[in-house]
Colleague: 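The structure is given below, and queries will be raised subsequently.
All figures in this text were calculated on a predicted structure; none of them were measured in a lab. We use all heavy atoms of the structure for the numbers below, so side chains are in, but hydrogens, waters and symmetry mates are not.
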Amino acid sequence: KMGTADDGQTHTMNKLPTSAADRPDVVRQLSSVIENAPVEIALFDREMRYIAASHRWRLVYKIGDQDVVGRSHYDLFPEIPDRWKLIHRRGLAGEVLKCDEDRFERADGTVQWMRWEVQPWLVEDAVGGIVIFAEDITDRKRAEEERERLLADVREKAGELEAIISSIPDGVVIYAGATILGGDTV
């Protein structure tokens, strides 16, 4: 489910005009756009320290109102699996990666299902960090799992009913009572 830049589609990297440290005005403007985005999005430097995170990101990942700028993503989320750290490193190496369904077990034992994309951003033709776009799809996954459970129950009950019906000798009529129009039972 993971795609890379060689998936046949054209991918472009986001490019900042100069070093972020040399252009605090650009960082401030970009941070404002990200913070107010109606989606889960965060901008990281090469050490996976937050440059900006949207309000939605903070809400979905239960960060709250704490200031994350300059903090390590791995300090905030020590439960991040090694496979995700590898994805971040690949993004920092210039790869565009995405996944439509990814299971994330939180430190408190809860499970979140994520759809995400990691894209590098450039500073003077070098990767300056990554942008992570994410969507919490947990509710959708739970609904799919419940649907599958219900379908399995229906299949099981249908199998039981078929076994009962096939065990009835030929010529036997089963009567369970039926109501005809007017309310009389026959």
Colleague: Which atom pair, heavy atoms only, marks the closest approach of W57 to H73?
Modeller: CZ2-CE1, 3.9 Å
Colleague: Heavy atoms, side chains only, cut-off 4.5 Å: are W84 and W116 in contact?
Modeller: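 Answer yes - side chains close enough.
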Colleague: Taking all atoms of both residues into account, what is the closest heavy-atom pair of P78 and D75, and its distance?
Modeller: CD-O, 3.6 Å
Colleague: I need the I87 CD1 to D82 CG distance, nearest 0.5 Å.
Modeller: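 So the gap between those two atoms works out to 11.0 Å.
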Colleague: Count the heavy atoms of every other residue, nucleotide or ligand shown that sit under 6.0 Å from CD of E162, and state whether that count exceeds 12.
Modeller: no
Colleague: Could you tell me the separation between the CG atom of L92 and the CD1 atom of I130, rounded to the nearest 0.5 Å?
Modeller: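 Output value for this atom pair is 5.0 Å.
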Colleague: With a 4.5 Å heavy-atom cut-off, do R71 and I63 have their side chains touching?
Modeller: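 Side chain of R71 against side chain of I63, heavy atoms only: no contact under 4.5 Å found.
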Colleague: Do E117 and V96 touch side chain to side chain, with heavy atoms closer than 4.5 Å?
Modeller: yes
Colleague: Minimum heavy-atom separation for H88 and M48, please, with both atom names.
Modeller: ND1-CE, 3.6 Å
Colleague: Run the side-chain contact (heavy atoms from CB on, under 4.5 Å) test on T110 and K62 for me, step by step, so that the C-alpha distance in whole Å, both residues' side-chain angles and the decisive distance to 0.1 Å come before the verdict.
Modeller: CA-CA 12 Å; T110 60; K62 302 173 182 143; 4.2 Å; yes
Colleague: Calculate, to the nearest 0.5 Å, the distance between atoms CD and OG1 belonging to E145 and T138 respectively.
Modeller: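 Those atoms lie 9.5 Å apart.
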Colleague: Can you tell me if CG on D108 sees more than 12 non-hydrogen neighbours from other groups inside 6.0 Å?
Modeller: yes
Colleague: Please name the pair of heavy atoms, one in E40 and one in D136, separated by the smallest distance, quoted to 0.1 Å.
Modeller: OE2-N, 2.9 Å
Colleague: Treat each ILVMFWY residue as a node, draw an edge where side-chain heavy atoms are under 4.5 Å apart, and state whether V39 and L43 are in one component.
Modeller: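 V39 clusters together with L43.
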Colleague: Restricting to non-hydrogen atoms, name the atom on G91 and the atom on P120 that form the minimum distance, rounded to 0.1 Å.
Modeller: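 Scanning both residues, the minimum pair turns out to be O-CB, 3.3 Å.
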Colleague: To the nearest 0.5 Å, tell me how far I41 CD1 sits from R56 CZ.
Modeller: 13.5 Å
Colleague: Check the orientation of Y50 and F44. Use parallel for under 30°, tilted for 30 to 60°, and perpendicular for over 60°.
Modeller: tilted
Colleague: Closer than 3.5 angstrom, by distance alone: can the side chain of R46 be matched with the main-chain N or O of V127 as a donor-acceptor pair?
Modeller: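 Answer holds: yes.
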Colleague: So F133 and K98, do their side chains get closer than 4.5 Å, heavy atoms only?
Modeller: no
Colleague: So which atom in A53 and which in V68 form the shortest heavy-atom distance, rounded to 0.1 Å?
Modeller: CB-CG2, 4.0 Å
Colleague: Nearest 0.5 Å, please: how far is CD in E146 from CG in L151?
Modeller: 10.0 Å
Colleague: In the hydrophobic clustering that connects Ile, Leu, Val, Met, Phe, Trp and Tyr at side-chain heavy-atom distances below 4.5 Å, which members other than I137 occupy its cluster, ordered by chain and number?
Modeller: V111, W113
Colleague: Testing R147, K141, R142 one by one against E144 for a salt bridge (charged side-chain N to carboxylate O under 4.0 Å, His left out), which residue passes?
Modeller: K141
Colleague: Does R58 have any salt bridge (charged side-chain N to carboxylate O under 4.0 Å, His left out) partners at least two apart in sequence or in another chain, and if so, which?
Modeller: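 R58 satisfies salt bridge (charged side-chain N to carboxylate O under 4.0 Å, His left out) with no residue once adjacent residues are dropped.
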Colleague: Assess whether salt bridge (Lys or Arg N to Asp or Glu O under 4.0 Å) is satisfied between K157 and D153, documenting all intermediate values.
Modeller: CA-CA 6 Å; K157 298 297 180 201; D153 286 350; over 6 Å; no
